[in-house]
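The block underneath contains the structure these notes are about, expressed in structure tokens.
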Protein chains: 2
Amino acid sequence: MAEAFRPDKHEGRAYPRAMTDLRTGGGIAATAFLMGDPARAAMLAALLGGQALTAGELAAEAGITAQTASSHLVRLVEGGLVAVERQGRHRYVRLASPAVAEALEGLMALASPAVTTTATRRPRGPRDAAMRLARTCYDHMAGRLGVALADALERDGRLRLDSGAGLVTPAGEAVFPAFGIDLAGPATARRPLCRTCLDWSERRPHLAGRLGAALLARSLELGWVARAPKSRTLAITPAGERGFVDVFRCEPVWHAPDAAEARRAVERQH
Amino acid sequence: MAEAFRPDKHEGRAYPRAMTDLRTGGGIAATAFLMGDPARAAMLAALLGGQALTAGELAAEAGITAQTASSHLVRLVEGGLVAVERQGRHRYVRLASPAVAEALEGLMALASPAVTTTATRRPRGPRDAAMRLARTCYDHMAGRLGVALADALERDGRLRLDSGAGLVTPAGEAVFPAFGIDLAGPATARRPLCRTCLDWSERRPHLAGRLGAALLARSLELGWVARAPKSRTLAITPAGERGFVDVFRCEPVWHAPDAAEARRAVERQH
DNA sequence: GGAACGCTTCGGCCAAGAGCGAAGCATCCG
DNA sequence: CGGATGCTTCGCTCTTGGCCGAAGCGTTCC
């Protein structure tokens, strides 16, 4: 590891770091270094589920002891990757911003081909069946549900998607507010309204960005989906089964052959 | 650094890595680890310029000896971040794919606020003035020129941009082919046609994606811009000054007060 | 108040790996 | 063909930082 991201430790450097500001990746290295440890990466990946988790849960997720996790968390906070909120004797950790989630996605996109070409095939257990049907991906919906929604919206001309990018059409500008989503949104809006995000399990794009986040938030609010405890799996409720079809003309992916298995798995986890 | 990304080295792990496939960032860690070393990050940042560089040039860029650079390159190749082509006794290195560039951009976006809030102010030398005016950003144009082009295209309704995403409008579908760009492009097209990328120096979006790449390629072809040797700086030619205004109704940013300084700097580098 | 719990701090151990010098291969040039 | 150049391999040193056990601190519950 050597000097890590502390520039002027070895004076053997060919030229001072300050000279290289615009050109080098001083910032890249510091951030990537934080993500480059397996334990920290596991924590961050767990936080990609979108829920705030306690330090203890993260430790378990990463397979390390509480004290080790604690030191990692200090670094992640200092590095601005996660934010922490105290609540009683718990300490809730979440990703610091959507930009962090996007950076992580960028790295995953890079990693996933390698993962699949090697022998590391993913286990197709019942739990994963449920996750493949519907789950959160940071702050939006993924899995077959997420992909089906994106498909339906594009098919009906409410969005135009071009891998990675997406725009709401005039037709869409009517539908989303009717569903209870404010497209104008907060003026903070460094964040794209509509992005797509490649789905791990489906290998097809689903909706991300502000719109994707709003869609999940509103779906939870309406009780169309419910979070499974301690997991990023989403359960689709009967109300959701009607709603997604009625409002978005979404394909009923939950009726697919192996969806029953997924449903049982979610119930088993109650 | 400890076990880095070799999972089952310590048997102290709480649960086997295979269990964590969908959930953890095994892949994240491996990739981020490679980007997390300052020397490697500097090399990758240099390659973001879009040109293939030799191993020696990269060593100089990172401020390390040739042998150290060599070992880093082996890792980067193994990790699939860069690709190498032998040519005579040189070895040319380039980023392996646009996805790598995008992942790096994601990390830079995260890092840059931190960089500016700390005392690390960037030097405002003449060389950087030239870079701020126009430069390559992997395979597209950045700097004031890149931003001005994006602005002009959006202002004239040829694109609709929403930070991060972008779509070509019907009006644009006429202009780009006339300029010599095939919007349909190669059917490979996992790559988005139109993305935006946050400009380091301008803090505003410029065009990336397939369209951004095609715009740069065609501009080079027409001799509107020229690469400065051994740098990612672009020089705007007289033909370009006319062309960007005539074809895209772009603001003549090269006439701004400090542009003369930039021009001299480019000439000095001849 | 005392015990349980969640998390952090301290201290020590240890392996990974970043760095360089020197030697070894190739390739190109005169 | 001999020497220069570009890069890689080998052998080595040394720092970093990840890991845990034990102890400390603050909160909550009984």
Side-chain angles (χ1 to χ4, degrees), chain A residues 1-14 25 29-30 32-44 52-79 82 84-93, chain B residues 1-15 25 29-30 32-44 52-79 82 84-93 230:
Chain A
M1 194 34 30
E3 66 204 68
F5 42 91
R6 252 158 289 177
D8 346 73
K9 197 60 175 304
H10 274 55
E11 47 282 357
R13 284 251 164 262
F33 178 81
L34 286 174
M35 299 178 176
D37 175 79
R40 283 191 297 257
M43 295 187 196
L44 291 169
L53 299 175
T54 67
E57 287 168 336
L58 287 172
E61 199 70 34
I64 52 181
T65 61
Q67 61 270 33
T68 304
S70 178
S71 69
H72 282 309
L73 284 174
V74 169
R75 287 160 163 270
L76 289 174
V77 170
E78 278 173 359
V82 305
V84 175
E85 272 165 287
R86 305 201 56 143
Q87 214 170 96
R89 67 175 154 181
H90 290 283
R91 201 143 207 194
Y92 283 95
V93 182
Chain B
M1 193 31 26
E3 65 207 67
F5 42 92
R6 251 156 289 178
D8 349 70
K9 197 61 176 304
H10 274 55
E11 47 282 354
R13 283 253 164 260
Y15 47 75
F33 177 81
L34 287 175
M35 300 179 175
D37 175 79
R40 284 191 296 255
M43 295 187 196
L44 291 170
L53 300 175
T54 66
E57 287 168 336
L58 287 172
E61 199 70 35
I64 51 178
T65 62
Q67 60 272 34
T68 303
S70 178
S71 70
H72 283 309
L73 284 174
V74 170
R75 287 161 165 269
L76 289 174
V77 170
E78 278 173 359
V82 304
V84 176
E85 271 163 286
R86 306 199 54 142
Q87 215 169 97
R89 68 176 154 182
H90 290 283
R91 199 141 209 195
Y92 283 95
V93 182
K230 310 236 167 195

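Proteins get letters first, then strands, A, B, ... in listed order; numbering begins at 1 in each.
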Nucleotide N/O of nucleotides 21-24 of chain D paired with protein N/O under 3.5 Å:
| unit_1 | atom_1 | unit_2 | atom_2 | d |
| --- | --- | --- | --- | --- |
| D:dG21 | N7 | A:Gln67 | NE2 | 2.6 |

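- Among the nucleotides D:dG18, C:dG19, D:dT8, the one closest to any side-chain atom of B:Thr68 is C:dG19.
- Taking both residues in full, the closest heavy atoms of A:Ala55 and A:Leu73 are given as CB-CD1, 3.7 Å, listed atom of the first, atom of the second, then distance.
- When all heavy atoms of A:His72 and A:Ala39 are compared, the closest pair comes out as NE2-CB, 3.8 Å.
- For A:Ile64, the listed nucleotide lying nearest its side chain is D:dC19; candidates were D:dG18, D:dC19, D:dT8.
- Summarising the geometry, the separation between CG on A:Asp37 and P on D:dT16 is reported as 17 Å, rounded to the nearest angstrom.
- Of the candidate nucleotides C:dA18, D:dT8, C:dG19, C:dA18 has the atom lying nearest to any side-chain atom of B:Arg75.
- As a whole-Å value, the separation of B:His72 NE2 from C:dA16 C1' is 13 Å.
- Of all heavy-atom pairs spanning A:Ala29 and B:Ala41, the tightest one is CB-CB, 3.6 Å.
- Atom CG in A:Leu73 sits roughly 16 Å away from atom C1' in D:dG17 (whole-Å rounding).
- If you check D:dG17, C:dC7, C:dG17 against the side chain of A:Arg91, the one that comes closest is C:dC7.
- When the side-chain nitrogen and oxygen atoms of B:His90 are compared with OP1 and OP2 of C:dC28, none of them lie within a distance under 4.0 Å.
- Under a 3.5 Å cut-off, the side chain of B:Arg40 and the backbone N or O of B:Leu34 do form a donor-acceptor pair.
- Distance, B:Met43 CE to D:dC7 P: 12 Å, rounded to whole Å.
- When all heavy atoms of A:Thr65 and A:Ala59 are compared, the pair lying nearest together is O-CB, 4.0 Å.
- If you check every strand for non-hydrogen atoms under 4.0 Å, B:Thr54 touches sugar and phosphate atoms only.
- We find that CE of B:Met35 is positioned 17 Å from P of C:dG17, with the value rounded to whole Å.
- Across the protein-nucleic acid pair, B:Leu34 atom CG and C:dA16 atom C1' stand 14 Å apart, rounded to whole Å.
- Distances from the side chain of A:Arg40 to the nucleotides D:dG18, C:dG19, C:dA18 place D:dG18 closest.
- Using a 4.5 Å cut-off on side-chain heavy atoms (C-beta onward), B:Thr54 and B:Tyr92 make contact.
- Smallest separation of non-hydrogen atoms from A:Leu58 and A:Met43: CD2-O, 3.7 Å.
- One finds no side-chain N or O of A:Arg86 lying less than 4.0 angstrom from the OP1 or OP2 phosphate oxygen of C:dG6.
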>> Between A:Val93 and A:Val82, is the side-chain contact (heavy atoms from CB on, under 4.5 Å) condition met? List the steps.
In response: CA-CA 7 Å; A:Val93 182; A:Val82 305; 3.8 Å; yes
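- For B:Leu76 and C:dA18, the CG to C1' distance is 13 Å, given to the nearest whole Å.
- If you check every strand for non-hydrogen atoms under 4.0 Å, A:Ala55 touches sugar and phosphate atoms only.
- Checked against D:dC20, C:dA18, D:dT9, the side chain of B:Val74 finds its nearest nucleotide in D:dT9.
- Between the CD atom of B:Glu85 and the P atom of C:dT27 there is a distance of 17 Å, given to the nearest Å.
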